[in-house]
Amino acid sequence: MTGGNLVWTAQARDTLRVVSPAGRIDESTATAFAEHLAQEIEVAAGDGAKQLAIDLSLIDYMSSRGLRGLTLAQRKSGDHGITIVLVQPNDIMREILAISRYDMVFKVYDTIELVPSGAL
Amino acid sequence: MKVRFWGTRGSLPVAQKSSAVRDKIAAALVAADGRRFADTAEAARFADDTLDFATNGTYGGATSCVEIEAVGGPSDDGAFIVCDLGSGLREFGLNAMARCAAGHARLYHVFLSHLHWDHIMGFPFFVPAFDPGAKIVIHSGHPDAETALRRQQEEISFPVAFDWLRADISFRTLEPGQRYPIGAVTVELIAQHHSHVSYGYKFTDADGKCAIYSTDSEHKIDRMDGESAFVDFFTECDLVICDTMYSLADSISMKEDWGHSSNVIAIDLCHEARAKRLALFHHEPTYSDADIQRMHRESIRYEELTREAAPLDVICAYDGLTVEI
Ligand SMILES: [Zn+2]
Ligand SMILES: [Zn+2]
């Protein structure tokens with residue numbers, strides 16, 4: 001699936017759904033990013049998932065629009081009882097999460113395997 | 001054009017505690033590492049050359065007051081141009097009196113972002129307001145600006161009534177979307193999201209140099225499309241002064257709807273607008289100098305990480321800073 005010029009792949013792991021967008025999330029792609037994320041939440045809810053992991057390993061960087069898209073997704077997923085976690089940010093993304101203090105409002109894991117879940 | 005910062009703190013004036021000064025001295029002594037100085041001038045040079053800003057200086061604690069100095073153009077009346085009447089206004093007033101004594105026109109064009117206390121609290125202490133030869137025009141997007149200024153000088157709040165002020169004080173309401181030639185600049189406004197609304201100002205001088213004053217402005221997460229209006233307003237400006245009081249995470253979680261913005265959003269807007277320089281402003285009152293310096297360094301780093309075109313110069317406003325543009 002594509003959203004803007006981002007390329008998405010997804011996989012379900014029991015109660016964890018993992019989505020992997022690839023590209024850079026800036027003013028031109030942020031809206032598509034947020035819209036696609038909203039669809040993924042619907043799919044995850046349909047599958048009975050409890051967690052949605054956003055794999056950031058193929059994201060070059062994210063501006064405030066993308067970060068705020070994550071917050072909007074978090075609010076939407078909360079309505080479905082789904083927690084969003086962030087996984088495998090590159091060094092740039094890790095710095096951006098720290099500068100924006102997003103690492104205080106999202107759980108960030110180094111690998112998918114480290115995401116704690118009773119089902120994993 | 002020159003932009004002079006008289007007050008840069010948000011919400012509430014603050015002062016250094018003695019422990020903060022002691023920590024700066026201790027850090028300076030450690031940096032000196034046993035060195036000997038012939039006199040205080042040599043020691044001051046060492047401090048300027050070696051110490052970081054948070055050790056060698058302070059961002060200050062006066063609330064919003066920024067002076068724009070421009071000359072030329074058909075409407076230039078030689079007046080002072082001042083954004084907001086926060087507690088920084090007291091020192092500006094004393095400085096302005098000295099400049100008037102040296103021949104400066106006793107005319108003042110004030111532009112109010114909004115009427116919250118931290119943006120008007122300096123006015124009762126503004127010495128030129130007691131000068132019978134002074135003329136003060138207070139411009140605002142708010143038709144109730146006069147009510148706010150009179151109310152804070154009612155007896156219950158202050159011993160000197162507004163009507164006792166001797167200067168010729170008048171009020172003028174401005175509207176967004178218009179271009180007003182006032183003094184040596186052309187002025188434009190934009191409405192901003194904030195309790196009881198606030199207004200951002202664009203000042204353009206006769207040479208086309210442009211400064212934006214945009215404080216107490218929340219960029220709402222559910223209205224991101226509306227940000228294009230700010231990108232248009234900021235387009236290719238030489239200096240954009242932005243409210244960067246909170247981190248992005250704070251501004252959309254605990255402190256959502258508190259009416260303020262973040263360094264990260266300010267940089268994104270300036271990048272998109274191809275602005276040349278951003279001044280971080282309206283500093284969080286609970287922040288120490290070290291906290292503000294860290295926020296400044298992180299802002300510079302975020303600018304580098306997200307830059308797609310020409311670099312944006314990110315500076316951090318402090319009380320006493322003058323920027324030449
Ligand atoms: Zn304020
Ligand atoms: Zn305010």
Side-chain angles (χ1 to χ4, degrees), chain A residues 3-6 23-38 41 54 56-79 83-86 89-108, chain B residues 218-232 234 242 244-257 260-274 278 280 284 287 291 293-309 312 314:
Chain A
N5 57 13
L6 297 170
R24 55 172 48 186
I25 298 168
D26 56 18
E27 281 64 34
S28 64
T29 56
T31 306
F33 172 71
E35 283 169 2
H36 192 97
L37 214 44
I41 291 163
I54 303 174
L56 297 174
S57 59
L58 299 174
I59 294 293
D60 303 335
Y61 80 87
M62 214 181 255
S63 71
S64 70
R65 294 275 182 105
L67 294 168
R68 288 181 285 170
L70 292 177
T71 296
L72 291 172
Q74 187 186 40
R75 290 177 186 180
K76 185 180 168 68
S77 70
D79 297 341
T83 306
I84 291 184
V85 298
L86 308 178
N90 68 15
D91 288 346
I92 291 174
M93 268 310 298
R94 199 173 285 280
E95 261 192 277
I96 289 173
L97 292 171
I99 290 168
S100 61
R101 304 291 183 267
Y102 260 61
D103 57 0
M104 315 284 274
V105 291
F106 280 95
K107 285 242 182 290
V108 184
Chain B
E218 182 168 353
H219 299 284
K220 294 280 295 166
I221 189 168
D222 42 12
R223 270 184 245 158
M224 284 194 264
D225 292 346
E227 280 165 28
S228 59
F230 287 89
V231 171
D232 290 347
F234 292 179
C242 269
T244 55
M245 193 168 178
Y246 302 145
S247 68
L248 178 65
D250 268 354
S251 75
I252 54 178
S253 54
M254 193 176 79
K255 295 172 181 172
E256 185 172 17
D257 292 324
H260 297 285
S261 187
S262 64
N263 53 347
V264 162
I265 290 182
I267 291 164
D268 283 356
L269 293 176
C270 286
H271 268 163
E272 229 187 317
R274 301 179 307 282
L278 164 68
L280 310 173
E284 162 66 45
Y287 277 11
D291 292 333
Q293 181 170 270
R294 184 180 315 117
M295 187 273 293
H296 182 205
R297 286 177 177 164
E298 288 177 342
S299 303
I300 290 170
R301 182 66 182 144
Y302 178 83
E303 191 282 326
E304 286 170 358
L305 292 173
T306 58
R307 185 190 300 158
E308 286 183 336
L312 168 72
V314 180

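A note on names: the letters A, B, ... follow the listed sequences, proteins ahead of strands, and every chain is numbered from 1.
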Side chain of B/Y246, backbone of B/K255: donor and acceptor closer than 3.5 Å? no
Electrostatic pair B/E298-A/R101, nearest N-O below 4.0 angstrom: yes
Taking B/M295, B/E308, B/R294 one by one, which has the highest count of heavy-atom pairs under 4.5 Å against chain A? B/E308
Under a 4.5 Å heavy-atom cut-off, does chain A meet the side chain of B/T306, its backbone, both or neither? both
Options A/G69, A/A30, A/S63, ranked by heavy-atom pairs under 4.5 Å with chain B, top entry: A/S63
Proximal component of A/D60, with respect to chain B [non-hydrogen, under 4.5 Å]: neither
Which word best sums up how the rings of B/F234 and B/F230 line up, parallel for under 30°, tilted for 30 to 60°, or perpendicular for over 60°? perpendicular
So, does A/N90 use its side chain to make a donor-acceptor pair with the main chain of A/I59 at under 3.5 Å? yes
A/Y61 versus chain B, heavy atoms under 4.5 Å apart: side chain, backbone, both or neither? side chain
Okay, B/E304 and chain A: the region with an atom under 4.5 Å from a heavy atom over there is neither
Does B/H296 use its side chain to pair, donor to acceptor, with the backbone of B/V314 at less than 3.5 Å? yes
Based on non-hydrogen pairs under 4.5 Å, which of A/R68, A/E95, A/R24 is most in contact with chain B? A/R68
Hey, is B/E303 close enough to B/R307 for a salt bridge, meaning N to O under 4.0 Å? yes
